[in-house]
Amino acid sequence: MNPASIPGLPSGISEQLADDGIEELYPPQAEAVDAGLTTGESIVASVPTASGKTLIAELAMLSAIERGGKALYIVPLRALASEKKSEFEKWEKHGFSVGVSTGSYESSGEWLATRDIIVATSEKVDSLLRNNAPWIADLSCVVADEVHLVDDRHRGPTLEVTLAKLRTVNPGLQTVALSATVGNASEVADWLDATLVQSDWRPIELRTGVHYGSAINFDDGSQTALPTGSHDRQTEAIVDDTLSDGGSTLVFVNSRRNAESAAKRQAGVTKRHLTDSERSSLSELADAIRDVSDAETSDTLARVVEKGAAFHHAGLAAEHRSIVEDAFRDRLLKVIAATPTLAAGVNTPSRRVIIRDWRRYDGEYGGMKPLAVLEIHQMCGRAGRPGLDPYGEAVLLAKSADEMDELFERYIWAEPEAVQSKLAAEPALRTHVLATIASGFATTKEGLLEFLDGTLYATQTDAGGEFGRLEQVTDSVLAYLDVNEFIERDGDSLSATPIGHTVSRLYLDPMSAAEIIDGLRSFEEGATTAVRRSKPTPPDGELETAFSTASDLRETDQQETGNADDQETIDRPTPLGLYHLVSRTPDMYQLYLKSGDKSTYTELCYERESEFLGQVPSEFEDVRFEEWLSALKTARLLEDWALEVDEDRITDRYGVGPGDIRGKVETAQWLLGAAEELAGTLELGSNIAVREAKKRIEYGVRDELLDLAGVRGIGRKRARRLYEAGVESRTDLRDAEKGVILGALRGRRKTAETILENVGRENPSMADVREIEPSVRSAVAPDTSDVTDEESESTSQTNSGGQASLGDFE
DNA sequence: AGTTAGGGCGTCTAGACAGCATGTC
DNA sequence: CTAGACGCCCTAACT
């Protein structure tokens with residue numbers, strides 16, 4: 001089928017496709033068109049990666065817009081949202097506008113209403129539905145990318161519920177679901193009332209095999225001799241071989257540490273294959289990597305990149321990741337050793353893919369768990385760059401003949417698993433049941449179950465009669481929501497309370513909200529009794545009893561230390577207290593407690609007991625104590641960040657990468673924002689303290705730098721240097737002698753000018769300004785001088801290296 | 001004496017979505 | 001009930 005014979009397309013589109021060199025549609029694309037893709041039929045396309053799924057989506061969206069309405073493209077990752085946006089922007093010259101909406105991407109609801117194509121994550125779409133975005137009703141087509149992710153325990157239910165809601169709101173909606181090859185694509189198609197298009201066709205050949213001994217044995221029975229030779233490891237031998245052929249390699253391993261050490265070894269191979277010009281480009285790249293962050297990870301990465309290799313995992317900063325991905329796509333980097341981040345993320349094809357580890361540690365499983373067939377196939381699918389490589393090869397590594405046989409059986413010959421709805425899990429239902437009630441989708445339990453009947457879960461259980469399980473879980477979830485006063489039950493009818501509405505709108509897990517509310521309330525209780533007794537006690541008898549112990553603790557503490565200053569600290573929650581509060585909610589991914597951490601944080605727990613909001617579980621009696629401690633570890637990381645502790649110090653103190661810090665900070669910011677609003681809604685007095693703690697996390701600074709750090713172009717480091725040079729505020733920035741500012745910014749004229757411009761200084765020019773070296777003031781370390789009481793105690797060890805209250809971190 | 005290969009032992013384990021509301025003289 | 005790669009330290013054997 002050629003572009004001109006596709007029905008239903010807006011004018012000019014077929015010509016554009018032909019101009020792009022598309023003479024003939026790929027077979028799966030043609031099949032989808034034949035099934036009515038461009039005339040409004042719903043389609044489930046279960047096809048391999050890189051076999052033209054994007055065009056299927058584009059054809060559906062453009063023709064749907066032509067018929068009237070707008071199109072929504074749902075992606076699983078934020079990084080993919082911007083990738084898709086730039087792909088779709090090529091249609092803007094034909095009059096189709098594109099907008100993106102993700103949590104971090106700024107765009108208001110009204111602005112989106114003017115766009116024809118909207119790209120968003122499934123969570124964002126869910127959130128927009130909860131907040132009744134008006135344009136949802138105008139949708140005529142929704143595309144769900146990577147729909148097999150409904151199988152994911154954490155995020156699958158959101159996608160499932162979101163699609164169900166979109167289809168309920170808009171019964172005529174065309175649904176196009178793009179999926180990897182899965183075991184039960186027809187079931188997914190049944191669920192979405194769609195025609196199934198299934199195909200194994202790929203635009204370039206993919207060969208899959210197992211390396212064992214001195215050859216790769218391929219699925220077609222052929223062999224490629226590949227002796228380990230001088231290399232003592234299989235991976236390096238294959239990388240070397242691929243490189244001699246001018247190709248790149250992607251190596252999948254099962255842990256971050258393995259990725260880094262593999263990259264170091266491979267750098268020894270790649271460095272022998274570089275041209276002079278590549279060497280110099282790589283060295284520029286390494287500098288760019290070092291500029292991103294001064295954490296050790298950054299330097300390690302830069303050192304391997306100089307030699308043409310790289311590693312890739314979630315501990316990297318986002319900038320690191322995109323630098324690595326781009327350089328690999330440009331063929332500058334010859335090999336990447338990666339954790340599964342890369343298989344799920346943006347498009348990074350490679351001549352060869354090596355799957356070194358096919359088992360991964362899983363605590364619940366209790367050991368090394370074999371990866372899913374689907375996951376292995378996704379990794380293999382990265383092999384072969386369309387238009388660049390003659391073919392792609394995916395190689396699994398075996399250390400014995402038995403293992404080779406097992407790998408063939410388990411993965412190469414195997415069909416991928418069936419996707420299975422995870423909706424009946426309680427955490428998922430908790431959120432979605434509340435949202436469904438709050439947004440008026442259901443007003444009775446029957447209505448709720450009726451709505452849930454539109455989900456994949458229902459499709460999959462209808463036959464087996466297992467729907468009863470969903471009803472059971474729904475009952476217990478309703479009871480939970482009722483007890484926590486998020487919903488009200490009046491006979492059969494269900495409605496959300498004001499706080500329930502807020503929780504749903506804030507996109508919080510109700511359990512997180514309950515934890516935050518309890519924490520803030522218990523503080524209120526404590527503060528009221530201990531300090532003033534002026535505020536009326538909330539008319540909630542249960543709460544009073546529940547937290548009487550916490551109040552008592554506070555009172556005791558208060559008497560012991562009892563001076564005016566302490567009364568003030570007790571009047572508002574401390575940052576650590578708040579960081580801990582949000583860190584222990586289910587919405588925060590917790591840090592892992594390493595050996596030795598347990599005693600370190602137990603000690604810290606007692607030391608700063610008075611700061612925690614709510615009751616501290618008993619060290620000896622309560623099983624939740626360890627969880628409490630890992631939340632404390634997370635809270636300490638956040639506190640360190642807000643105390644301006646160096647990034648590289650934080651990374652080795654907590655055993656995390658720069659990317660993890662950013663992630664934690666972002667989540668904390670979001671949760672503190674939610675806490676602020678909850679405190680406001682419930683008229684709890686702590687919202688000012690919450691707001692400040694949030695601001696400090698946002699910029700990673702102490703109080704006194706908040707004003708400066710809010711200026712564009714000034715981060716935590718520049719703010720501190722300016723402050724030490726005597727430039728303490730925006731006003732100072734506008735009035736201070738330029739030489740001083742330039743000196744504080746280490747003579748960077750361009751940066752200084754940009755900053756002065758951003759702060760609105762009359763004449764920002766730095767021409768002819770002589771740099772004034774920072775004087776004595778700068779010799780004063782930030783945390784030994786102007787620190788408030790509440791902080792100095794905890795940070796004396798931070799920079800001074802003195803006896804640490806927290807013990808041996810180093 | 002310095003270096004390196006190899007064994008024993010302890011340690012540690014993938015990923016990443018979401019709210020709100022804007023700023024400056 | 002269940003794993004395994006890595007790094008570190010130690011020792012033995014080698015140059």
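Naming: A, B, ... by sequence-line order, numbering from 1 per chain.
- Regarding contacts with the backbone of B:dC17, every side-chain N or O of A:Thr667 stays at 4.0 angstrom or more from both OP1 and OP2.
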Got a list of protein N/O to nucleotides 5-14 of chain B N/O distances below 3.5 Å?
unit_1 : atom_1 : unit_2   : atom_2 : d
B:dC12 : OP2    : A:Ser595 : N      : 3.2
B:dC12 : OP2    : A:Ser595 : OG     : 3.1
B:dA14 : OP1    : A:Arg256 : N      : 2.9
B:dA14 : N1     : A:Arg360 : NH2    : 3.3

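- Among the protein residues, A:Arg153 comes within range of no part of the nucleic acid, since none of its heavy atoms lies under 4.0 Å from any strand.
- Put simply, CG on A:Leu684 and CG on A:Leu520 are 6.0 Å apart, with the number rounded to the nearest 0.5 Å.
- Using a 4.0 Å heavy-atom distance criterion, A:Gly663 is classed as making no nucleic acid contact.
- Residue contacts for A:Lys694: at a heavy-atom cut-off of 4.0 Å it reaches a base atom on one of the strands shown.
- A:Gln669 comes within contact range of at least one nucleobase, with a heavy-atom separation under 4.0 Å.
- Side-chain contact annotation: A:Glu325 with A:His312, donor-acceptor N/O pair under 3.5 Å present.
- One finds a side-chain N or O of A:Ser127 lying less than 4.0 angstrom from the OP1 or OP2 phosphate oxygen of B:dG19.
- Between the side chains of A:Tyr723 and A:Asp732, no donor-acceptor pair is found at a separation under 3.5 Å.
- Residue A:His312 is the one, among A:His312 and A:Arg78, whose nearest nucleotide of DNA chain B lies closer to the 5' end (criterion: closest heavy atom).
- Looking at heavy-atom distances under 4.0 Å, A:Arg265 makes contact with sugar-phosphate atoms alone, never a base.
- B:dA14 and C:dC6 are spaced 13 Å apart, taking the P atom of each and rounding to whole Å.
- Summarising the local packing, CZ of A:Arg734 is surrounded by more than 12 heavy atoms from other residues, nucleotides or ligands at distances under 6.0 Å.
- In this structure, the separation between CE on A:Met588 and CG on A:Leu581 is 10.0 Å, given to the nearest 0.5 Å.
- Using a 4.0 Å heavy-atom distance criterion, A:Thr158 is classed as making no nucleic acid contact.
- Nucleotides B:dG15 and C:dA3, compared at atom P, are 23 Å apart to the nearest Å.
- As judged by a 4.0 angstrom heavy-atom cut-off over every strand, A:Arg321 is placed among residues touching the sugar-phosphate backbone only.
- Heavy atoms of A:Arg691 sit nowhere under 4.0 angstrom from any nucleic acid atom.
- Looking at heavy-atom distances under 4.0 Å, A:Leu508 makes no contact with the nucleic acid at all.
- Rounded to an integer number of Å, the gap from CG of A:Leu129 to C1' of B:dG19 is 16 Å.
- Picking from C:dG4, B:dC20, B:dC17 the nucleotide with the shortest atom distance to the side chain of A:Leu77 gives B:dC17.
- The separation between A:Asp587 atom CG and B:dC17 atom P is 13 Å, rounded to whole Å.
- Distances shorter than 4.0 Å separate some side-chain N or O of A:Arg505 from OP1 or OP2 on B:dC20.
- Here the straight-line distance linking atom CG of A:Leu159 with atom CG of A:Asp152 works out to 10.0 Å at 0.5 Å rounding.
- Shown here for A:Ala79 and A:Val346, the closest heavy-atom pair between the two residues is O-CG1, 3.9 Å.
- The distance between atom CG of A:Leu506 and atom P of B:dA21, rounded to the nearest whole Å, is 10 Å.
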Pairing of DNA chain C as dot-bracket, 5' to 3': ( ) intra-strand, [ ] crossing, | other strand, . unpaired, with Watson-Crick or G-U pairs under 3.5 Å? ..|||||||||||||

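- A:Trp358 and A:Glu375 form no side-chain donor-acceptor contact under 3.5 Å, judged by distance and modelled atom types alone.
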Filtered N/O pairs between nucleotides 23-25 of chain B and protein, under 3.5 Å:
unit_1 : atom_1 : unit_2   : atom_2 : d
B:dT24 : OP1    : A:Arg730 : NH1    : 2.7
B:dC25 : OP1    : A:Arg734 : NH1    : 3.1
B:dC25 : OP1    : A:Arg734 : NH2    : 2.4

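- Using Watson-Crick or G-U wobble geometry with both donor-acceptor distances under 3.5 Å, B:dG23 finds no partner in any strand shown.
- The distance from the CZ atom of A:Arg130 to the OG1 atom of A:Thr431 is 6.5 Å, given to the nearest 0.5 Å.
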